[in-house]
K.L.:
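This structure is in structure tokens; I'll ask about it shortly.
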Amino acid sequence: MTATVDTVHRTTPPDPGGRPAGRAVPLRIGPVSARFRWRSVLVPVVASAVVVLLGALGLGRGDYPIGLGEVLRTLVGAGDQAQAFIVLELRAPRTVVGALVGLALGLAGALFQTSARNPLASPDVLGITQGASVGAVAAIVLNGSTSTGALLGGLGVPLAALLGALAVGALLFTLAWRAGIDGYRLVLVGIALWSIAQALTDWLLTRAEVHDAAAAYVWITGSLNARTWDQAAPLALSLLVLVPLALAAGRVLGVLQFGDDTARGLGVRLARAQGGVVVVAVLLVATAVAAAGPIAFVALVVPQVAVRLTGGSRPPLLASGLLGAALVVGADLLTRTVLPQALPVGILTAAIGAPYLLWLLVRGRRTLA
Amino acid sequence: MPVPSATRAPAPTPADGTPGPARTARAARTRRRVLGLLALVVLLAATCAASIALGSRPLDLGTVWQALTDRSLRTEEAVIVWDLRVPRTVLGLMVGAALGVSGALVQGHTRNPLGDPGLLGITAGAAFAVVLAIVLLGVGTPAGYVWFAFAGALGGTVAVSVLGSAGRGGPTPVTLALAGSALSALLFALVRAVLVSDSNSLDAFRFWVVGALAGRSADVAWQVAPFVVAGLLLALLNAPALDLLGMGEDVARGLGQRIWPARLVGLGACTLLAGAATAACGPIAFVGLVVPHAVRAFTGPVHRWLVPCSALLGAVVLLAADVVGRVVARPGELQVGIVLALVGGPVFVALVRRRRTATL
């Protein structure tokens, strides 16, 4: 009863990605640490190569297939006009949006999970993507029927979504703040906000005309359909600022994982550092979701995959971002090529990400046992 | 690991028999628990009365009383009271109690204060099965969904437990929660995959997924009642074992508690309760998450008190939310799932901001 929140999160079970260091380290400290360093370089490199490869393949795929060689020629400006239009105006923005959204979501997930020291702390669970859904669904469903609806409809779905995400992010920050961000409080407050936003979305859906509800449903699933440079350009610009900030935050997070007291002892100004991390993560999610809808699972699963692939003790930022990009671009490629019916990309990211996380869980426990 | 205060060895009392500090503390704790329990019983009676007396159509109290006492009356008012409000109240009682208790069990077994029955794949499994029922079989009424939702809830929990405990170490809170959210995400993705291409099914699903007591006939209550009763009994049976497990599996084993049977009973009770509730009303968030937290404020972490008090408070909360939903949006109604999220969310945030409540 009298244990404080601090005690609680010391007793929180360690991140499942963390190896049971107590047992493993004394026996094989040399080879293990060497392997970790090697993998933490290899994973981002391979992930970027996969993004580029899948992206290039994606540029050639669609109703009008173009060979990989032609795509490359077009990219350097040597293709014919029709191909240039298809590749550069129709497919490239979609691929770029997909890669950037995946990057942003993966990074944001890693930031949230590390700063909250909880693998479940992802923007999907904290309610930020649900906040975006409320904004977007309200813009679709209420458009014209109320004054707020007209206002939101006039802004357009992406801006309404951005507002929704930022509103929930601001609420999350204000409510979870009490002389610093405590990871536990952050997740608990986030779950509350998630439920409220989810309920509002469901309720808006029951009030909608059925065709509006169907359109809203596609949006809240997360889709890259019909994305143009109008979505890609602002996304790229904001990531140009946010990604370096996120990577800088990584250094602080490395210290934070040793516990608040140690971090404070090492000279980290805790409240400001944690606040900064959360703000960057919220902004990353908000811009990503505004561009493509709340693509499910990327921010939750990708950092967990990344931590297992690199073999570290906490989600690596860069690897998470790049794996996120690879997942979204790859999923989008699948929706357009293999599947008989073009499903929104969010369905694919969940259908790929979830079994993979499950597999890692099962396999991870076997090898550890 | 914070040791539940009630299981600490009591400090030795002075030999002369005067109440020592430990004894007075224990007496105060017991008094607080008994008072809390009594307050819950009174509150429950009050909400039941309100649920029968109030509705989107205002009836004066005399008419309601007359309809309740005189079963031979067949006026329109009597029909409203007996055929709509009484079954709805009974259903609300059962579903609220079921959700509150299953939340307490999930949080106790996974040692995760964020534990919610929905996290274990129950809601997702139920939603998936309901969508299959709508799309493949054309089932269109809540009474028709019940068995599908129940089967889905069972399947979801079994899948999460198997996946979360694969490997020799058995389930840990984190693997269970991760397996639960991974499976939920997968199943909801499949649900969306079906619904984005089928707007007729979406039309039925969107009214199921908000979670409501309205429009459920007495049949639904009868269908789920045996499962709720069985689940509540199992939960009460499981409570002492949970108190031992709370001290850590090794300690519990040392004290003679068999771990696996206890876990299995707990999981079974939780599945029966949350599955039945979801089958009857659709997914209702928050009761399972928030009620045990609120109850812990006066019972402490002892499950022999926590489980029954969660049943009472769960029923109070669900019925109260339903009544509020009937009156705020007259002449229409706000579904109970929506009301609970809108009211429960801020309450939960307030609880979280008081430091003590995050303790398990």
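Here the structure is a predicted model, which means the values were calculated and not measured. Throughout, a chain's letter reflects where its sequence line sits, starting with A, and its residues are numbered from 1.
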K.L.:
Checking Val218(A) against chain B: side chain, backbone, both or neither under 4.5 Å from a heavy atom?
P.N.:
both

K.L.:
Is it the side chain or the backbone of Leu348(A) that comes within 4.5 Å of chain B heavy atoms, both, or neither?
P.N.:
neither

K.L.:
Please report the closest heavy-atom contact between Cys309(B) and Phe298(B), naming both atoms and the distance.
P.N.:
SG-CE1, 4.0 Å

K.L.:
Closest heavy-atom contact between Gln107(B) and Gly288(B)?
P.N.:
NE2-O, 3.5 Å

K.L.:
Heavy-atom distance under 4.5 Å to chain B: side chain of Ala208(A), backbone, both or neither?
P.N.:
both

K.L.:
Give the member of Ala185(B), Gly337(B), Ser184(B) that has the highest number of heavy-atom pairs under 4.5 Å with chain A.
P.N.:
Ala185(B)

K.L.:
Of the backbone (N, CA, C, O) and the side chain (C-beta and beyond), which part of Leu202(B) lies under 4.5 Å from a heavy atom of chain A, both, or neither?
P.N.:
side chain

K.L.:
Check each atom of Ile196(A) against the heavy atoms of chain B and say whether the ones under 4.5 Å are side chain, backbone, both or neither.
P.N.:
both

K.L.:
Ile347(A) and side chain to side chain contact (heavy atoms under 4.5 Å, CB included): which partner among Val196(B), Val194(B), Val191(B)?
P.N.:
Val196(B)

K.L.:
Do Leu105(A) and Val302(A) have side-chain heavy atoms sitting under 4.5 Å apart?
P.N.:
no

K.L.:
How far apart are the closest heavy atoms of Ala354(A) and Leu186(B), and which atoms are they?
P.N.:
CB-CB, 3.5 Å

K.L.:
Looking only at heavy atoms and a cut-off of under 4.5 Å, which of Gly345(B), Gly344(B), Gly211(B) has the most pairs with chain A?
P.N.:
Gly345(B)

K.L.:
Flag the one option from Ala192(A), Gly353(A), Pro344(A) with the top tally of heavy-atom pairs under 4.5 Å to chain B.
P.N.:
Ala192(A)

K.L.:
Tell me, do Leu334(B) and Trp203(A) make a side-chain contact under 4.5 Å, heavy atoms counted?
P.N.:
yes

K.L.:
Can you tell if the side chain of Arg206(B) reaches within under 4.5 Å of the side chain of Val210(A), non-hydrogen atoms only?
P.N.:
yes

K.L.:
Less than 4.5 Å apart, side chain to side chain, heavy atoms only: is that true for Trp219(A) and Pro294(A)?
P.N.:
yes

K.L.:
Leu205(A) and Ala216(A): which non-hydrogen atoms are nearest, and at how many Å?
P.N.:
CD2-CB, 3.9 Å

K.L.:
Please identify, among Leu342(B), Leu190(B), Val349(B), Val343(B), the residue contributing the most non-hydrogen atom pairs under 4.5 Å to chain A.
P.N.:
Val349(B)

K.L.:
Can you say whether Leu193(A) sits under 4.5 Å from chain B via the side chain, the backbone, both, or neither, judging by heavy atoms?
P.N.:
neither

K.L.:
At a 4.5 Å cut-off on heavy atoms, which part of Leu289(B) comes close to chain A: side chain, backbone, both, or neither?
P.N.:
side chain

K.L.:
When only pairs under 4.5 Å are counted, which of Val301(A), Ile191(A), Thr349(A), Thr206(A) shares the most heavy-atom pairs with chain B?
P.N.:
Thr206(A)

K.L.:
Between Ile220(A), Thr221(A), Val189(A), who has the most heavy-atom pairs with chain B when the cutoff is under 4.5 Å?
P.N.:
Thr221(A)

